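Keep in mind that this is a model prediction, so the values were computed, not measured. Start at 1 with the first residue, then count along the sequence. Atoms within each ligand, like the ligands themselves, are counted from 1 in listed order.
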Amino acid sequence: MEKSFVLAKSDFQKFLQRLSTFGAVHAPVRVSDQSFAYKPVDLEKEIAFEALRTILPPKKFLYPQREALFSYDESGIVSEPQINEPLVIFGSHPCDLAGMKVLDYIFTAPPGDSLYIERRKHILIVGLSCLPDKYCFCESMGTDSVDDGYDVFLTDIDDHFFVEVATPKAAELLSDNDFLIPASEPYKQAFKDFWHDRKALFTNRFETSNLPALLDLEADNPVWEELGNRCLSCGNCTFVCPTCYCFDIVDIAQLNGKGQREREWDSCQFTDFAKVAGNNNFRPGPIDRLKFWYRHKLHGFQDAYQLPTCVGCGRCTVSCPAEIDDIVGVVVRLEGSRQRDSIYAKEEKN
Ligand code: SF4
Ligand code: SF4
């Protein structure tokens, strides 16, 4: 099968129906004036193609907020979850595709997380191009475009989508159809023009090429105390982040000896997250925890795996009730060489 096609927008419903033969299609749907969430869809008109960021990223499909690991009784483990429901994630933008690649890296590294790996096998990912708003800074993080991490990718070129079919799984699903046409030269040019012109649209950006060194040099910058003192330790920033993956393990035990072991998302911003035996807490206050989170996103993972764990989606910026997760603004302040208003201050002026 060819790899590059065009799909007339008038044929999108046919494309959607074909996707649904793989499994239930989940796509961004408008849930309020300003917010979107992934929901199951059957019809094109249900999809919010304009959605830039859903409240929760697609990590919720790969790694659910809460899931059973196994059930037990007095004899030991009696059942483990069966993961065999196929699913299509439609409409993931490059930042979220990059985020899922980080999760793949974490959860498939030996010995591998069997639940994650099984769930991943049953998911088909359809990426979708986007244009940045003032919160997006994926371009600064190098995640404004991706070459892999999806099965199909759609680029919006006016009344068509340019369709890249990237995996054998997708090629098989989309074979023998009457809606995909091999991409001719004018469409290929329109595709190249889209990605070239899009670069210039990013306004929320920093130039720093060596974030780890900057974070090291500015470990004692007063900005951490100023922001940390405003942090509410609510954990929003970690739950909405496409790459935050910390979890807690809980046993839901019954008096009859039966029970279920579950894992649920946890947050390094919670007071007890770094608490250990003897009532010692490595990061007892919000200043330490906020600095730790920034370092993990912009520094720590880079050292260990040569990957930043911030993909520049802007979710933490829009979700922080204390308005302190303006990551670009913080980096610019740490650089100290130029002035930039807080992105929240800009909001008030608009
Ligand atoms: S740290 Fe913030 S901007 Fe970066 S990936 Fe996470 S939620 Fe998105
Ligand atoms: S969302 Fe904001 S207030 Fe809440 S824990 Fe994160 S930085 Fe603190």
Item checked: Centroid-centroid distance, F191 to F5, less than 6.0 Å -> no

Next item on the list: Could you tell me whether any N, O or S atom belonging to C241 is less than 2.8 Å from atom 6 (Fe) of ligand 1?
Entry: yes

Check: Taking the six-membered ring where the residue is Trp, are the ring centres of F107 and Y63 under 6.0 Å apart?
Finding: yes

Item checked: Donor-acceptor contact below 3.5 Å, side chain N281 vs main chain T271 -> yes

Item checked: Beyond-backbone contact of F270 with R289, side-chain heavy atoms, under 4.5 angstrom -> no

Checklist line | Distance (rounded to the nearest 0.5 Å) between L173 CG and L124 CG | finding: 6.0 Å

Checklist line | Close-contact set for ligand 2 against L290 heavy atoms, below 4.0 Å | finding: 7 (S)

Item checked: Closest protein heavy atom (residue, atom, distance) for atom 8 (Fe) of ligand 2 -> C231 SG, 2.3 Å

Margin query: Can you tell me if, anywhere in C320, an N/O/S atom lies at a distance from atom 8 (Fe) of ligand 2 that is smaller than 2.8 Å?
Written below: no

Next item on the list: Below 4.0 angstrom from a heavy atom of G235, which ligand 2 atoms are there? Numbered from 1 as shown, please.
Entry: 4 (Fe), 5 (S)

Check: Which ligand 1 atoms, with their elements, are less than 4.0 angstrom from a heavy-atom of W293?
Finding: 1 (S)

Item checked: Per-atom contacts of ligand 2 with N236, taking only distances under 4.0 Å to non-hydrogen atoms -> 1 (S)

Item checked: Distance from atom 6 (Fe) of ligand 2 to nearest protein heavy atom, with residue and atom -> C237 SG, 2.3 Å

Item checked: Atom indices of ligand 2, in the order listed, that fall short of 4.0 Å to a heavy atom of Q269 -> 5 (S)

Next item on the list: For the residue pair L87 and H122, establish whether any side-chain heavy-atom pair is separated by less than 4.5 Å.
Entry: no

Next item on the list: Would you kindly specify which portion of T238 sits under 4.0 Å from ligand 2, judged on non-hydrogen atoms: side chain, backbone, both or neither?
Entry: neither

Notebook entry, point to check: Which ligand 2 atoms does S233 reach within 4.0 Å, using its non-hydrogen atoms?
Noted result: 5 (S), 8 (Fe)

Notebook entry, point to check: Aromatic ring centroids of F12 and F49 under 6.0 Å?
Noted result: yes

Notebook entry, point to check: For ligand 1, which part of I327 has a heavy atom less than 4.0 Å away: the side chain, the backbone, both, or neither?
Noted result: side chain

Check: Does some side-chain heavy atom of R198 sit less than 4.5 Å from a side-chain heavy atom of D144?
Finding: yes

Check: Side chains of Y105 and T309: do they bring a donor and an acceptor to under 3.5 Å?
Finding: no

Note to self: Looking only at the side chains, is there a donor atom on one of D151 and T167 sitting less than 3.5 Å from an acceptor on the other?
What the structure shows: yes

Margin query: Could you identify the single nearest non-hydrogen protein atom to atom 7 (S) of ligand 2 and state the distance to 0.1 Å?
Written below: D325 OD2, 3.4 Å

Notebook entry, point to check: Between S145 and W195, do the side chains contain an N or O donor and an N or O acceptor separated by less than 3.5 Å?
Noted result: no

Note to self: Students should be able to answer this: which protein heavy-atom is nearest to atom 3 (S) of ligand 2, and at what distance?
What the structure shows: L232 N, 3.3 Å

Check: Any idea which part of Y135 is under 4.0 Å from ligand 1, heavy-atom wise: side chain, backbone, both or neither?
Finding: neither

Notebook entry, point to check: Against heavy atoms of F137, which atoms of ligand 1 measure under 4.0 Å?
Noted result: 3 (S)

Next item on the list: Show which atoms of ligand 1 fall inside a sub-4.0 Å distance from at least one heavy-atom site of P242.
Entry: 5 (S), 6 (Fe), 7 (S), 8 (Fe)

Checklist line | K297: numbered ligand 1 atoms lying under 4.0 Å from its heavy atoms | finding: 1 (S)

Checklist line | Any donor-acceptor N or O pair under 3.5 Å, side chains K297, T243 | finding: yes

Note to self: With a heavy-atom distance limit of 4.0 Å, tell me whether S319 approaches ligand 2 through its side chain, its backbone, both, or neither.
What the structure shows: neither

Notebook entry, point to check: Does any N or O in the side chain of D251 come within less than 3.5 Å of the main-chain N or O of A253, such that one atom is a donor and the other an acceptor?
Noted result: no

Check: So, Y116 side chain and D104 main chain: donor-acceptor pair closer than 3.5 Å or not?
Finding: yes

Notebook entry, point to check: Which residue owns the protein heavy atom closest to atom 2 (Fe) of ligand 1, what's the atom, and how far is it?
Noted result: C316 SG, 2.3 Å

Checklist line | Protein contact of atom 4 (Fe) of ligand 2 - nearest heavy atom, named by residue and atom, plus distance | finding: C234 SG, 2.3 Å

Item checked: Subset of ligand 1 atoms that lie under 4.0 Å from at least one heavy atom of G314 -> 3 (S), 8 (Fe)

Item checked: For V311, the ligand 1 atoms whose distance to one of its heavy atoms is below 4.0 Å -> 4 (Fe), 5 (S)

